[in-house]
Amino acid sequence: MTWMGVDLGDARVGLALSDPEVTLALPAGNVRVHGDSFQALDEVLDVIEDRHVERVVVGLPLQLDGSEGKSAKKARRWAKALERRIEVTWQESQVPRDWTPDVMLMDERLTTVDAHHRLSAAMVGSREHRKVVDQQAAMTILQTAIDQVRR
């Protein structure tokens, strides 16, 4: 089994997957959404099924003071929509499954800033950042969740 990290961006939803031992987060690409991250639900569900994802960690973009703004509320709605989509898909499926993924939210304050810094340190040009920053942020979200469980 693996875990998945999700960073909801305006243009892309970044994905990261863990290794099978759930010790390391690795980039898994982006889903283009053109301003509506809810368009990515089906593609994310496909990855969950294909990779037997046992836990989905969705970034919760809290304000610096810890309060929830518009983006955090949207992330909560997105995570709930994914949970419902999983439930319906698993119930309607003709294929028996021996697992049901759970969806959790993880505080992701400053993960995009951290992702930009990591990309700059890796000498990735600023024009290229847009293409990979969401999946880099998803890796940070996922690695944080993995590290918290392993403590």
Side-chain angles (χ1 to χ4, degrees), residues 1-20 22-93 95 97-119 124 128-150:
M1 292 284 191
T2 59
W3 288 15
M4 174 189 284
V6 178
D7 178 64
L8 302 174
D10 292 328
R12 294 167 200 80
V13 171
L15 302 178
L17 291 168
S18 74
D19 61 341
V22 190
T23 57
L24 184 64
L26 304 164
N30 293 311
V31 178
R32 292 202 47 82
V33 294
H34 306 290
D36 183 5
S37 59
F38 287 85
Q39 293 176 4
L41 285 168
D42 288 335
E43 288 185 57
V44 170
L45 186 59
D46 289 344
V47 175
I48 290 169
E49 289 184 276
D50 292 345
R51 299 298 296 268
H52 299 297
V53 172
E54 128 180 282
R55 174 168 289 166
V56 180
V57 183
V58 178
L60 182 65
L62 298 174
Q63 304 289 333
L64 289 178
D65 66 2
S67 64
E68 286 192 17
K70 184 177 170 182
S71 295
K73 290 174 183 168
K74 181 179 177 181
R76 283 193 185 280
R77 287 193 315 272
W78 194 93
K80 282 290 181 199
L82 180 60
E83 284 178 329
R84 284 191 301 272
R85 189 75 55 95
I86 289 169
E87 184 179 318
V88 167
T89 301
W90 261 236
Q91 287 175 355
E92 293 177 350
S93 175
V95 178
R97 294 180 173 91
D98 58 352
W99 93 101
T100 301
D102 66 298
V103 178
M104 64 179 279
L105 293 161
M106 172 67 60
D107 180 355
E108 66 141 314
R109 280 176 274 190
L110 301 176
T111 55
T112 301
V113 172
D114 178 63
H116 280 294
H117 287 299
R118 288 175 188 252
L119 291 167
V124 175
E128 296 299 310
H129 281 206
R130 273 180 266 163
K131 297 176 187 174
V132 295
V133 71
D134 295 306
Q135 69 179 322
Q136 183 71 41
M139 286 174 48
T140 301
I141 292 163
L142 180 56
Q143 192 64 56
T144 301
I146 290 169
D147 292 347
Q148 285 184 358
V149 169
R150 296 182 63 87

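Counting begins at 1 with the first residue of the sequence. Reckoned from all heavy atoms, side chains included, excluding hydrogens, waters and symmetry mates.
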Working to the nearest 0.5 Å, report the span between CG of Asp10 and OG of Ser71.
-> 7.0 Å
Here the pair of heavy atoms bringing Trp99 nearest to His52 is CH2-ND1, 2.8 Å
Considering all heavy atoms of both residues, which atom of Gln135 and which atom of Gly29 are nearest to each other, and what is their separation?
-> OE1-N, 2.8 Å
Less than 4.0 Å between a side-chain N and a carboxylate O, is that true for Glu83 and Lys80?
-> yes
Are any side-chain N or O atoms of Trp3 and backbone N or O atoms of Thr23, one a donor and one an acceptor, separated by less than 3.5 Å?
-> no
Tightest non-hydrogen contact, residues Val53 and Pro101, listed as O-CB, 3.2 Å
Mind checking the CD-CG spacing from Glu43 to Asn30? Nearest 0.5 Å is all I need.
-> 10.5 Å
Test item: Val58 and Leu105 side chains (from C-beta on) under 4.5 Å apart, heavy atoms = yes
Donor-acceptor contact present, side-chain Trp78 to main-chain Leu41, <3.5 Å | no
State the CD1-CG distance between Ile86 and Asp102, to the nearest 0.5 angstrom.
-> 8.5 Å
For Val33 against Gly9, the heavy-atom pair lying closest together = CG2-O, 4.0 Å
Backbone of Leu24 reached by a side-chain donor or acceptor of Asp19 within 3.5 Å | yes
Quick one: pull up CG in Asp36 and CG in Leu8 and give me the separation to the nearest 0.5 Å.
-> 10.5 Å
Of all heavy-atom pairs between Ser37 and Val13, which one has the smallest distance, and what is that distance?
-> CB-CG2, 3.9 Å
Is Arg85 salt-bridged to Asp42, cutoff N-O under 4.0 Å?
-> yes
Starting at OG1 of Thr2, measure out to CZ of Arg55 and round the result to the nearest 0.5 Å.
-> 12.0 Å
Could you tell me which non-hydrogen atom of Ile146 sits nearest to which non-hydrogen atom of Ala25, and how far apart they are?
-> CD1-N, 4.2 Å
Looking at CE of Met4 and CD1 of Ile48, how far apart are the two atoms once the value is rounded to the nearest 0.5 Å?
-> 5.0 Å
